Amino acid sequence: MIDFRSDTLTRPTSAMLQAMHNAPTGDDVFAEDPSAVALQERCADLFGHEAALFCPSGTMTNQIAINVHVRPGDEVICDRLSHIYNYEGGGIARNSGASMRLLHGDRGRFTAAEAMAEINPADSHYSRTSLVCVEDTVNKGAGSVWEMQQLSELSQACKAHHLPLHLDGARCWNAMVQRHGNSVPDAAAWKAYGQLFDSISICFSKGLGAPVGSVVLGSKPFIEEAHRTRKVLGGGMRQIGGLTAACMHALDHELPRLSEDHRHAQLLAAALNNSDAIASVETVQTNIVIVEVANGESAEFFVAKAAEEGIACFAFGPTQVRFVTHRDLTLSVIEEACSRLAALK
Ligand SMILES: *Cc1c(COP(=O)(O)O)cnc(C)c1O
């Protein structure tokens, strides 16, 4: 099976397993795991934030950040396509008692004016608007990438309204590489990006190929609170050096490879455009391809048909199907998939 269901399906490489094996460890609840401390410091430094905290998942890093920013009864502004709204089990309501104000952006990206128009009046009839969240790349927006200009306008508007801005940057790696001509940007570019946000969640278990791991970034006092919330959610961990070493290895060795996934997604999109079974393909910018199936068929029907040809993909709506390229799908595998998919009726 050629498996395009997700970029989380990758297995750790033997070099990554070796790095995990060799990692020094200690009890992280005592802040004594040197590998975890090193990863946290490196991430904070990369994005120009004061501090960072390692967590088991991106859902936890997002939920912790939201929990630190908001009080029960508050409202969070985000796009209707966002992961925090669609795929975190209603966590914002459940963990933080907050409601959400949904924007209808362009494949998950919205303007500062659109966001600011949704701020509630400072009047006790209304919930208090206390956070804006963006996602980059937008998973449900077919891996769409924000323009730096748009992010910077949003960041300035949020500052002017004293509203914190959180980034769900599960795939910010792909966004950064795409924005910089499909190469890894320099240190100044990462910092300029990091400065736009009050808090950031990043994931190592997607395109970067680590088995587990996310990091939340912010100011020192913010991360101190995040630490408390992680504990309350049951996310305190012990000898995690092996896990954080996998993430460190991914930064060094997997980040430069992401542009390959982007090239492969373009090849895949071209093949899908040639298939009679596909009505349209959303614009591809990174490693996610979303298609609309043709002939009035359902997404499930298409997924079953593709499976008969040895291709696994994912129903992403009644008539939408998602394909994701990743490190375990090499160029020759992609080419084979393309020829099978183009022939689908
Ligand atoms: C995967 C993902 C997350 C985090 O998911 P976990 O499975 O909890 O690690 C958050 N946001 C986006 C956009 C994602 O794609």
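All ligand and atom numbering here is 1-based and tracks the order in the structure. None of the values given here were measured: they were computed from a predicted structure.
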Quiz item: Among protein heavy atoms, which sits nearest to atom 15 (O) of ligand 1, and what does the distance come to when rounded to 0.1 Å?
Solution: Lys206 NZ, 2.7 Å
Quiz item: Considering Gly213, Gly58, Gly141, Ser82, which one's heavy-atom position lies nearest to atom 6 (P) of ligand 1?
Solution: Gly58
Quiz prompt | Heavy-atom proximity to atom 10 (C) of ligand 1, best of Arg171, His83, Glu135 | solution = His83
Quiz item: Does atom OH of Tyr126 have more than 12 heavy-atom neighbours from other groups under 6.0 Å away?
Solution: no
Quiz prompt | Region of Asp168 that comes within reach of ligand 1 [heavy atoms, distance under 4.0 Å] | solution = side chain
Exercise. Work out which heavy atom in Ile92 is nearest to a heavy atom in Gln63; give both atom names and the distance.
Key: N-OE1, 3.4 Å
Self-check item: Atom CZ of Arg101: over 12 foreign heavy atoms under 6.0 Å
Solution: yes
Self-check item: Lys/Arg cation over aromatic Phe314: Arg322, 6.0 Å, 45° cone
Solution: yes
Quiz item: Taking the six-membered ring for Trp, are Phe4 and Phe323 parallel (under 30°), tilted (30 to 60°) or perpendicular (over 60°)?
Solution: perpendicular
Exercise. State plainly whether the residues Asp261 and Lys206 are in salt-bridge range, i.e. N to O under 4.0 Å.
Key: no
Exercise. Would you mind telling me if ligand 1 is within reach of the side chain of Val138, the backbone, both or neither, using heavy atoms under 4.0 Å?
Key: neither
Exercise. Using a strict 4.0 Å cut-off to heavy atoms of Thr59, name the atoms of ligand 1 that fall inside it.
Key: 4 (C), 5 (O), 6 (P), 8 (O)
Exercise. Could you tell me whether Ser57 approaches ligand 1 through its side chain, its backbone, both or neither, with non-hydrogen atoms closer than 4.0 Å?
Key: both
